[in-house]
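Worksheet: one structure, shown below.
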Amino acid sequence: MSHWIILPIVMPAFLAPFIVLAARYHIGIQRVFSVAGVVALVGLSAWLVWQVSGGEVLYYRLSNWAAPFGIVLVGDRLSTMMVLLTSVLALFVLLYAIGSGWDNRGRHFHALFQFQLMGIIGAFLTGDLFNLFVFFEVLLIASYGLMIHAGGNERLRAGVQYVLFNLIGSTLFLFALGSIYAETGTLNMADLSNRVAMIGAEETVGIRIAAVLLLMVFAIKAALVPLHFWLPSSYAEAPAPVAALFAIMTKVGAYAIIRVYTMIFPPELEATMGLHEVWLLPAALVSLAIGMIGVLAARKLDRLVAFSIIGSMGMVMVAISLFDPASIAAALYYIIHSTLAGAALFLIADLVRTGRGNLDLTPQPPMIGTHMTAGMFFVGAIAMAGLPPLSGFLGKLLVLDASTGSDLVVWVWAIVLGASLVSVVGFARAGSIVFWKAHGMTAAEPVEEAQKPATLSYVAVGGLFALLVAHTVFAGKIHSYTSAVATELFDHETYMSIVLETPGKLSDDKGGH
């Protein structure tokens with residue numbers, strides 16, 4: 001048993017109340033502790049990834065109660081990779097929040113930020129479906145507080161819509177958990193994998209209902225059409241650093257689908273056979289198309305980026321819905337890319353707001369800091385549209401290659417390539433309006449809200465771009481790693497043996513991971 005696996009959850013869980021109680025009126029102290037905590041989290045996450053890189057599985061039994069009776073946290077290649085991605089993203093988002101002053105426009109930003117990290121990381125590390133629900137609620141509460149940070153009627157309205165949609169998802173989640181527990185008597189993922197497989201064909205009604213309900217819940221989290229309506233307004237109205245952090249939130253839904261539908265409801269399971277390719281793949285293709293059409297039709301830059309997130313999640317879900325090792329490896333590679341690119345674009349949109357005073361896609365006089373911001377937007381647009389030479393292009397090639405064995409391969413290729421073309425046109429339209437058409441225009445009077453972006457803000461965005469470049473340069477090694485992750489997911493005997501074949505409560509731990 002490894003005590004290190006619980007630290008990524010415990011650290012932000014203790015740091016958040018400390019910031020509230022000891023430094024609530026001292027923004028400088030809050031910033032120091034918050035950044036130090038996230039830096040420590042990055043280091044710990046990287047160490048955990050290194051620990052499991054050879055195929056080992058780390059686990060932690062809370063109160064030393066053995067699974068499936070006790071709560072267990074599990075760290076394998078997939079979960080630790082997602083924890084590291086979350087931690088690295090959080091560091092650059094936090095630097096941007098400090099540089100732009102967003103963290104000082106409302107109360108308790110840093111405490112809520114830490115609670116948000118606790119919820120996201122907990123969702124990745126839990127080995128129990130009920131505790132996945134608990135961590136979903138933790139991140140929902142924290143994300144609502146972050147969304148309405150700095151106030152405003154539009155932000156409050158979008159926050160209420162966000163909460164309502166996610167509460168519907170939480171309700172469906174509880175119904176699904178009740179159905180699963182009634183049928184199997186357990187909610188531990190490893191134990192469920194064994195028990196669901198033993199259910200006879202004539203007794204699968206409850207399990208089928210639960211599988212469909214869980215897919216709907218995770219589809220809401222992943223903003224999959226037609227359950228995506230909450231995302232455009234919520235992400236567009238949220239403070240820029242919050243929206244950038246939310247780029248990983250949709251990936252929590254994708255992670256949950258990968259974990260649950262490879263371990264508990266695998267493609268070969270008769271009770272849920274056909275659920276992936278019959279329902280999930282068409283919905284993913286529609287999501288991709290609608291997201292990129294939204295990019296083309298958006299009238300504000302922040303909504304353009306929000307719709308690009310929907311489109312990128314459609315691409316991720318296309319790969320996931322094929323459900324074989326090659327497609328899951330492609331999905332994981334693209335998840336890393338789309339998270340970094342989406343977060344960077346939200347921060348760039350805020351740079352435009354800072355230098356221009358608004359985000360309307362209408363010709364206006366040049367903004368403050370035009371050249372640097374325009375260059376960053378150009379790179380971000382290339383990344384999100386999937387053009388060479390950045391990793392988005394490689395990710396799309398991997399997805400297209402993985403789809404060659406599907407019955408819907410023609411539809412996949414047509415929609416992916418068509419959506420890519422539409423996204424290129426949409427981003428080119430936005431960039432030309434905001435930056436190119438601004439030249440030659442003169443302002444009748446200066447915009448009061450416009451000001452020069454802080455240097456630290458540019459550094460934060462540059463850091464995300466550096467990660468995208470590294471993701472491209474080391475694409476071969478990263479794809480090899482995601483392929484190993486996918487292979488481990490479809491052959492999860494090690495995961496199950498480590499989690500289930502452990503000593504009982506109060507026994508001595510001799511060996512293990």
Side-chain angles (χ1 to χ4, degrees), residues 165 169 211-232 235 247-262 265-267 272-295 306-339 341-342 384-386 392 395-423 482 486 489:
F165 264 90
V212 173
L213 288 176
L214 282 179
L215 189 59
M216 292 177 62
V217 172
F218 301 148
I220 291 175
K221 300 294 183 184
L224 194 67
V225 171
L227 304 172
H228 69 293
F229 296 104
W230 60 271
L231 189 145
Y235 280 36
I248 194 68
M249 293 253 300
T250 49
K251 310 310 183 296
V252 176
Y255 166 87
I257 291 176
I258 293 173
R259 177 69 74 188
V260 171
Y261 291 89
T262 55
F265 306 114
T272 56
M273 190 173 294
L275 185 61
H276 316 115
E277 61 269 21
V278 174
W279 298 103
L280 191 57
L281 181 54
L285 291 172
V286 174
S287 298
L288 175 57
I290 288 181
M292 293 314 173
I293 291 172
V295 169
F307 274 105
S308 73
I309 295 294
I310 295 175
S312 69
M313 282 308 301
M315 179 68 70
V316 169
M317 297 308 299
V318 166
I320 291 175
S321 60
L322 299 172
F323 267 98
D324 59 52
S327 66
I328 296 297
L332 294 175
Y333 182 87
Y334 197 83
I335 280 174
I336 299 172
H337 161 80
S338 61
T339 300
M384 186 57 80
K396 287 187 178 181
L397 286 181
L398 291 173
V399 174
L400 292 174
D401 182 62
S403 69
T404 53
S406 172
D407 294 336
L408 297 177
V409 59
V410 175
W411 285 99
V412 172
W413 277 67
I415 293 178
V416 168
L417 295 178
S420 298
L421 176 60
V422 172
S423 68
T482 60
L489 286 169

State the CG-CD1 distance between Leu285 and Ile415, to the nearest 0.5 angstrom. 4.0 Å
Interatomic distance, CD1@Ile335 vs CD1@Ile248, rounded to 0.5 Å, equals 8.0 Å
Test item: Lys221 side-chain N/O and Val217 main-chain N/O as donor-acceptor pair under 3.5 Å: no
Which atom names give the shortest non-hydrogen contact between Val260 and Phe218, and what distance separates them? CG2-CE1, 3.9 Å
Any idea how Tyr261 and Phe323 line up, ring-wise: parallel (<30°), tilted (30 to 60°), or perpendicular (>60°)? perpendicular
Nearest 0.5 Å, please: how far is CG in Leu489 from CZ in Arg259? 6.0 Å
Close side-chain approach of Tyr235 to Trp230, heavy-atom, < 4.5 Å: yes
Using the test side-chain contact (heavy atoms from CB on, under 4.5 Å), find all partners of Val422 that sit at least two apart in sequence or belong to another chain. Met292, Leu296
Tightest non-hydrogen contact, residues Ser338 and Met384, listed as O-CE, 4.2 Å
Quick check for you: to the nearest 0.5 Å, what is the distance between Ile257 atom CD1 and Leu280 atom CG? 5.5 Å
Would you give the length of the straight line joining atom OG of Ser420 to atom CG of Leu400, rounded to the nearest 0.5 angstrom? 7.5 Å
In this structure, OG1 of Thr482 is separated from OH of Tyr334 (nearest 0.5 Å) by 14.5 Å
Report yes if some heavy atom in the side chain of Thr250 is under 4.5 Å from a heavy atom in the side chain of Leu231; otherwise report no. yes
Under the 3.5 angstrom rule, does the side chain of Ser287 hit a backbone N or O of Leu224 as a donor-acceptor pair? no
Hits for side-chain contact (heavy atoms from CB on, under 4.5 Å) against Leu397, two or more places apart or cross-chain, chain-then-number order -> Phe393
Ala254 and Ala222: which non-hydrogen atoms are nearest, and at how many Å? N-CB, 4.2 Å
Enumerate, atom names and distances included, each donor-acceptor pair closer than 3.5 Å involving a side-chain atom of residues 308-320, sequence neighbours excluded.
from, atom 1, to, atom 2, distance (Å)
Ser308, OG, Val305, O, 2.5
Ser312, OG, Ser308, O, 3.4
Ser312, OG, Ile309, O, 2.8

Leu214 vs Phe265, test: side-chain contact (heavy atoms from CB on, under 4.5 Å). Steps then yes/no. CA-CA 11 Å; Leu214 282 179; Phe265 306 114; 4.0 Å; yes
Passing candidate, side chain to side chain contact (heavy atoms under 4.5 Å, CB included) with Tyr333, options Ile328, Val399, Leu398: Leu398
